[in-house]
Enquirer: 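Please read through the structure below; I'll follow up with questions.
Heads up: numbering here begins at 1 and tracks the sequence. All values below come from the heavy atoms of this structure, side chains included, with hydrogens, waters and symmetry mates left out.
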Amino acid sequence: MNRGTERDGAVTEHAVSGRIPLAVVVVDREGLVSHWSSGARRLFGATKEEALGRPAVDLLPVSGALPEDDDPSLYGAYGAYDGLGHDLETSLDGRLYYPAAGRARLTVPERDRVDVLWWAYPLIGPGPERLLVLGADVGRLRQEDGEDDPGFDRVAPGFALHTDFPGAEDLAGKLPEILPSMSVDESARIVGQILELGYPVLEFSQNDRVPVTPDWGVPRRVERRARRERAAQAAAQGLPIPREHSDEAEDLEYTAVRERLEFLNEVSGRIGTSLDLSRTIVEVSRAVVPRFTDVAGTYLREQVVAGEGFPDGAPDTTTMWHRVAVEHTDEPGRWDDVVPVGEAMPFPAHTPFFQCMTSGEPVLVPRISEQMGHAIASQFEKRDIRPLITGRSMLVVPLKARNVVLGFMILLRHPERVEFNDMDRVTGAELAARAGLVLDNARMYTYQESVAETLQDSMLPHIPPRMAGCDIATRYLPGTLLGRVGGDWFDSVKLPGARTALVVGDVMGHGLNSAAMMGQLRTAVQTMAALDLPPAQLLRNLDDLAQRLGDTYLATCLYAVYDPIASELHIANAGHIPPVLVRAGDGRSELLDLPTGAPIGVGGVPFEAVRVRVQPGDRLVMCTDGLVEMRGEDIGVGLATLCESAAHPAASMDDACDTIIRALNTRGGRKDDVALLMARLNGIEPEDVASWCIGLDPEEVGRARAVVREQLHDWGLARLADTAELLVSELVTNAVRHSHGRPVELRLVRGDTLLCEVDDDDHDLPTLLSAGPFDDAGRGLRVVSMLAREWGTSRTSAGKTVWFELTLPRR
């Protein structure tokens, strides 16, 4: 053990700590010993075989003799030796229902009397065990210190998982419950040390305060011993025994403690019923009003409310605290205007609130004086809070978890109600400790849920509602049982020729790994779609990529290319559920009969594509199996419901999606995430498309400009003629210059925008360059990028396509 050092008359405190083996004894509900550790054999002299099954009171006989070398400083927080043997007997025979600790002189065979520190913990729950008794030899404690005055202020027992009585492992995990004021971190530290040593220990230190027997306001045992002595003297003299010294008075004391424990157990059962932070806050506030207090105001750090992290270290005067709940028994509305919920404020250093949140300890103010009431009220601008608080008893308790102050509760009692006392302070601290853990669990869940939703949202594309020749609506539903993040996705990609690629995929599994795999596959699909690969070839390449990424994950994927000019769908399937096509003519819906294919990642399996003729107004519905698949139900039932709900008339695409979700998402039991994509295939009429074949003669560039101007006049788009003519001239000139022999194709498409495409047989894609003052080339695409609404390039099987779009003028 390390001692504090004295320098210049002042004592510098260093951590004083030590470890002494403990005796561990477990007593069953019949008062018989059910576990007797090797430490108990060494301390009390009886072997395990001799002890098991015997009455505990026979093995732990208590002597009334006081130690001659009694040292009051040895017991620190527990006080001097005061005849605690009677309380040990009370614990052993089951008449003590709360944790107790003390010092006793035990008569041990062959060792005369042994002076021990002991702890008794009632065990609650299933099983025959009723009481856990821990003991330590005071003589060993003196030897460890080597001095007469160790000067520590805490003695805390601990025990290891190696302790082999039934339920020991569970008890080790519940050390904070056995030591009510111990934090989770402190428990983990002590248990970790115990496990490292391999045997139960007695730990003590000078700085840490972890009381084993809480100061519940029960009179000190010294006082009770004195009462008993005075009562005995009164009885010997034939005088009446005062009521306060009778057994009934002690029973009332025990009853008060039991009531506090029952209250804490009741509160523990009422809070934390969900992981919703807002609901948890309300539960915590309502649990203490009016039984424990008349007013309960709950404050949380600003970052806790926002679901964010915050820096390490104690709060300071700049820390903002949000008032998240106010529960009271006063007349309705009395507190609402003065201290509204939702207000955020810092707290000055002179207030008891600042003292609580920086020390992490409860602060008790028996009565709020006028001076203190004025000091507290000074931070409330234009609001006089003094009538609400002056004269009331106040207890401020920290809401802590893992040694971090998340917030605090201000508890107030009416002036006519009994003041808060030390018993209330310990009760409030224990209540706040339990509430702090519950709030921290809710906070962490809320934070993780926010992170998961942000991640999922960032991975899902924001698809425009209108593409060339089609309208699109989408829905995504996160998993309801297995986490907020999954591997389902949807997408759409603009293709040359006014076509649109529609994609729905599902990475098997859940969690961040599946979401990460989904992100890689989705990016790969976008890249390969931009190359205008045929659907079957795209899935083939995607499967090869998945093989290179690893064989851990499989995915299904449905890839469709819609050509609004040809009124055709080109679809390939990789193990996905088939899409539904709703015919506009008669409203009939059908599952498209596609080659199923194998999931992405299987490897070595061919994929096939089919072409499906469609009509303007038809709707294509693509979704993942999480929407139609239910536990214990054939997937055919879900697919039939999907077809039926997809065919239901709807006023808009969004309404149509909502109809499907309502029909399939209300059956219960859904655990998987869901991706849904619906496309209304409007088509593009032939009169909205114009195309020309341009020869490779440079003079053909002039003809291209002329036909474009004439076509735009015919469509009533003369205001676009000058811009379109200039841009077409640039693209056709480049195509004629770089073509290898095949004529250049020029096409205009009138839809939501004016689309112009120029095709040639050169596979080299043009790039945007920075042209200098004397450069002969590089300005054409610069002009296109400046004047066009949007432009791009893509490879085709025969060469490349360069395109641009212009916004149609308002009519």
Side-chain angles (χ1 to χ4, degrees), residues 466-470 494-500 532 562-568 616 681-762 765-766 768 777-796 798-811:
R466 297 185 66 86
M467 301 287 281
C470 65
K494 181 185 296 185
L495 300 179
R499 294 170 302 148
T500 300
D532 201 13
Y562 173 54
D563 188 337
I565 298 174
S567 295
E568 184 180 74
L681 312 177
N682 300 321
I684 296 177
E685 297 296 332
E687 57 267 23
D688 290 326
V689 180
S691 60
W692 301 270
C693 184
I694 306 298
L696 300 183
D697 188 340
E699 294 183 0
E700 288 286 281
V701 176
R703 186 173 76 88
R705 290 197 297 266
V707 296
V708 166
R709 177 175 291 276
E710 182 180 358
Q711 186 63 58
L712 293 182
H713 276 275
D714 292 343
W715 281 344
L717 301 176
R719 281 184 288 177
L720 295 180
D722 291 340
T723 302
E725 183 180 343
L726 174 60
L727 301 186
V728 165
S729 178
E730 295 292 343
L731 296 189
V732 172
T733 298
N734 287 339
V736 169
R737 180 179 301 172
H738 296 287
S739 179
H740 297 293
R742 191 173 66 89
V744 174
E745 295 183 9
L746 170 63
R747 179 163 60 178
L748 294 180
V749 180
R750 179 180 62 174
D752 295 328
T753 63
L754 176 66
L755 171 64
C756 175
E757 295 180 324
V758 177
D759 294 355
D760 61 55
D761 60 359
D762 180 34
L765 300 182
L768 193 63
R779 295 183 179 85
L781 287 182
R782 179 68 61 180
V783 173
V784 173
S785 67
M786 293 178 62
L787 299 181
R789 175 180 181 268
E790 189 176 355
W791 76 280
T793 63
S794 60
R795 284 191 172 89
T796 65
K800 69 174 181 295
T801 297
V802 184
W803 57 270
F804 68 82
E805 288 184 357
L806 295 177
T807 302
L808 298 181
R810 295 181 179 180
R811 297 180 178 178

Enquirer: With rounding to the nearest 0.5 Å, note down the distance linking CG in L681 to CD in E568.
Expert: 12.0 Å

Enquirer: In Å and rounded to the nearest 0.5 Å, what is the CG to CG distance from L806 to L727?
Expert: 6.0 Å

Enquirer: Please check if the side chain of T733 supplies one atom and the backbone of S729 the other of a donor-acceptor pair under 3.5 Å.
Expert: yes

Enquirer: Would you please name every residue forming a salt bridge (Lys or Arg N to Asp or Glu O under 4.0 Å) with D762, sequence neighbours left out?
Expert: K800

Enquirer: Under 4.5 Å between any side-chain heavy atoms of P616 and N682, yes or no?
Expert: no

Enquirer: With distance as the sole test, does D760 use its side chain to make a donor-acceptor pair with the main-chain N or O of S739 at under 3.5 Å?
Expert: no

Enquirer: I'd like to know if the side chain of S785 and the backbone of R782 have a donor-acceptor N/O pair within less than 3.5 Å.
Expert: yes

Enquirer: Could you list the residues that satisfy side chain to side chain donor-acceptor pair (under 3.5 Å) with T807, not counting sequence neighbours?
Expert: R789

Enquirer: Hey, mind stepping through N734 and V758 against side-chain contact (heavy atoms from CB on, under 4.5 Å) and telling me if it holds?
Expert: CA-CA 10 Å; N734 287 339; V758 177; over 6 Å; no

Enquirer: Apply salt bridge (Lys or Arg N to Asp or Glu O under 4.0 Å) to E790 and list each qualifying residue two or more places apart in sequence or on a separate chain.
Expert: K494

Enquirer: Got a sec, which residues hit side chain to side chain donor-acceptor pair (under 3.5 Å) with T801, two or more places apart in sequence or on another chain?
Expert: D759

Enquirer: Can you list the residues that meet the salt bridge (Lys or Arg N to Asp or Glu O under 4.0 Å) rule with R466, with sequence neighbours excluded?
Expert: D471, D752

Enquirer: Hey, what do you get for CG (L720) to CG (L808), rounding to the nearest 0.5 Å?
Expert: 6.5 Å

Enquirer: Can you sort out the partners of D532 under side chain to side chain donor-acceptor pair (under 3.5 Å), two or more places apart, ordered by chain and number?
Expert: R499

Enquirer: Residues in side chain to side chain contact (heavy atoms under 4.5 Å, CB included) with A718, at least two apart?
Expert: H713

Enquirer: For the CD1 atom of I694 and the CG atom of L731, what is their distance to the nearest 0.5 Å?
Expert: 12.0 Å

Enquirer: Apply side chain to side chain contact (heavy atoms under 4.5 Å, CB included) to A706 and list each qualifying residue two or more places apart in sequence or on a separate chain.
Expert: none

Enquirer: Between L746 and V728, is there a side-chain heavy-atom distance shorter than 4.5 Å?
Expert: yes

Enquirer: Got a donor-acceptor contact below 3.5 angstrom from the E757 side chain to the G497 backbone?
Expert: yes

Enquirer: What side chain to side chain donor-acceptor pair (under 3.5 Å) pairs are there with at least one residue in residues 687-698, not counting sequence neighbours?
Expert: D688-R750

Enquirer: State which residues pass side chain to side chain donor-acceptor pair (under 3.5 Å) with S567; sequence neighbours excluded, sorted by chain then number.
Expert: none

Enquirer: Under the rule for side chain to side chain contact (heavy atoms under 4.5 Å, CB included), what residues qualify as partners of T500, not counting sequence neighbours?
Expert: M467, C470, S492, L502

Enquirer: CD1 of I684 to CG of L755: how many Å apart, nearest 0.5 Å?
Expert: 8.0 Å

Enquirer: Between atom CG of L787 and atom CZ of F804, what is the distance when rounded to the nearest 0.5 Å?
Expert: 9.5 Å

Enquirer: Go through the structure and list residues passing salt bridge (Lys or Arg N to Asp or Glu O under 4.0 Å) with D722, not counting sequence neighbours.
Expert: R709

